[in-house]
Amino acid sequence: MTEHAIIMRAVNKYYGAYHALVDIDLTVTRGERIVICGPSGSGKSTLIRTINQLEPIESGTIIVDGVELTAGGDNVAKVRQDVGMVFQSFNLFPHMTVLENCILAPMKTRKTPRAEAEATARKYLERVRIPEQADKYPAQLSGGQQQRVAIARALCMKPRIMLFDEPTSALDPEMVKEVLDTMIDLAREGMTMLCVTHEMDFARAVADRVIFMDKGVIVEENAPDEFFGNPRNERLQNFLGQIA
Amino acid sequence: MIREFSSADLMFIVSAVRWTLILSAIAFLGGALGGLAVALARTAQGRLRRRIAAGFIQVFQGTPLLMQLFLVYFGLAVVGLPIDPLLAAAVALTLHASAYLGEIWRGAIEAVPPGQTEAATALSLSYKDRMRHVVLPQAMRLATAPTVGFLVQLIKGTSLASIIGFTELTRAGQIINNATFKPFLVFGTVAALYFVLCWPLSLLARRMEARMRLAVTR
Ligand SMILES: Nc1ncnc2c1ncn2[C@@H]1O[C@H](COP(=O)(O)OP(=O)(O)O)[C@@H](O)[C@H]1O
Ligand SMILES: [Mg+2]
């Protein structure tokens with residue numbers, strides 16, 4: 001096992017003629033917690049979506065857990081089993097109960113027997129503090145509960161890396177904390193995490209490194225103290241001024 | 001020789017309903033299989049498959065069903081099969097239904113939010129598992145009402161098979177009318193029988209649509 005969870009080298013991504021990711025170089029150490037921020041449209045989602053190849057890239061190299069994504073074969077499937085993802089809009093499967101949401105992928109892709117998958121699912125639902133909702137449908141839950149189910153569903157695949165794309169942006173303010181607390185628990189347990197978020201208190205509390213993106217470029221990256229206390233780039237200074 | 005309209009004539013017409021039903025069932029089941037294939041090809045990654053499916057839909061939606069029936073009927077002989085009205089009607093109506101159901105189901109598949117496919121993909125589910133467990137069950141709910149609506153069209157469409165000599169409900173009516181010359185009585189009866197088949201389905205489709213609309217606005 002390598003010490004690097006993710007290595008991105010000279011990654012470029014285009015949407016048609018639009019250059020969405022420009023020469024991205026990023027190395028994430030195992031267990032590292034990274035927060036990515038930046039203005040809307042700066043390429044944050046695109047960046048983390050290349051890591052499980054929800055977005056293919058035009059050039060460059062991405063190696064996840066020692067597996068080179070761009071090398072073809074069943075590498076992509078392997079990487080996706082190892083990388084959990086949580087979306088802004090939850091994306092739970094509405095026709096399945098919470099428990100069914102959680103056991104589908106382990107049963108289908110890891111061939112886990114149902115009983116074992118259910119036991120794992122209940123364990124993670126407990127972990128995100130909603131064990132009593134297992135037999136409900138997503139529409140019967142609050143936004144905060146749905147997002148915690150989405151986190152549990154991703155964890156059921158026993159991923160080594162978790163990606164979060166603005167997990168609290170679609171939530172009512174009173175529900176943001178319950179989701180952030182779940183993420184903080186996860187961070188304390190040593191999960192490698194990449195979180196796109198504008199929750200700067202979360203960044204200060206758990207991030208090892210904060211990254212600022214603008215126009216598809218990683219403009220600045222630093223430890224939280226330095227990032228917030230002594231921002232060098234002018235656009236970052238403006239950005240921090242706006243969200244403070 | 002013109003004779004009176006008897007109860008035997010009525011029985012002849014009523015019993016022809018079963019051929020209308022059999023033909024409808026074959027075309028619907030065949031069309032369901034074909035339509036699924038067309039819908040999946042239409043929403044696939046590969047451009048060639050999408051183009052072929054789109055072409056298939058355009059040809060069968062853009063030409064009269066009657067011409068499709070004629071072409072298949074006379075085409076059977078060309079490929080060395082016996083000219084059989086039931087076979088020809090079943091093949092033509094299956095192709096016709098495949099195109100229409102394919103188009104209905106393509107729309108339903110595309111109406112499932114892309115986040116569903118993304119979440120399933122991120123969970124490493126294969127294309128087959130994504131479709132089978134995530135996308136199609138949701139698309140099916142959206143598609144049920146228009147699918148039942150199309151079934152009504154299909155049942156009425158089987159009447160064209162009478163023109164290539166297949167004795168379903170409409171042709172049974174023609175045969176009896178030729179012998180009795182009671183067109184209003186005979187074709188009134190035929191129309192009433194179609195109505196009895198289609199009306200409950202129309203009602204069902206309308207009720208499902210109303211329920212869908214309710215579910216959407218909720
Ligand atoms: N599927 C797409 N097709 C075309 N352009 C896209 C697509 N997805 C994102 N973009 C564009 O790429 C840029 C970066 O998008 P995104 O990564 O979503 O930004 P962020 O998450 O930082 O708000 C934006 O300008 C956006 O309009
Ligand atoms: Mg985004």
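Heavy atoms closer than 4.5 Å to chain B are found nowhere in A:V86, neither backbone nor side chain. For chain B, no part of A:L163 is nearby; none of its heavy atoms comes within less than 4.5 Å.
At a threshold of 4.5 Å between non-hydrogen side-chain atoms, the residues B:L123 and A:F93 count as touching.
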Anything under 3.5 Å between chain A and chain B that's a donor-acceptor pair? List each one with its distance, please.
residue: A:R49; atom: NH1; partner: B:E118; partner atom: OE1; Å: 3.0
residue: A:R49; atom: NH2; partner: B:E118; partner atom: OE2; Å: 3.0
residue: A:A77; atom: O; partner: B:S124; partner atom: OG; Å: 3.1
residue: A:N91; atom: ND2; partner: B:G115; partner atom: O; Å: 3.2
residue: A:L92; atom: O; partner: B:Q116; partner atom: NE2; Å: 2.8
residue: A:H95; atom: NE2; partner: B:H133; partner atom: O; Å: 2.8

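Using non-hydrogen atoms only and a strict 4.5 Å limit, no part of residues 25-35 of chain B faces chain A.
Atom CE of B:M140 is surrounded by 12 or fewer heavy atoms from other residues, nucleotides or ligands within 6.0 Å.
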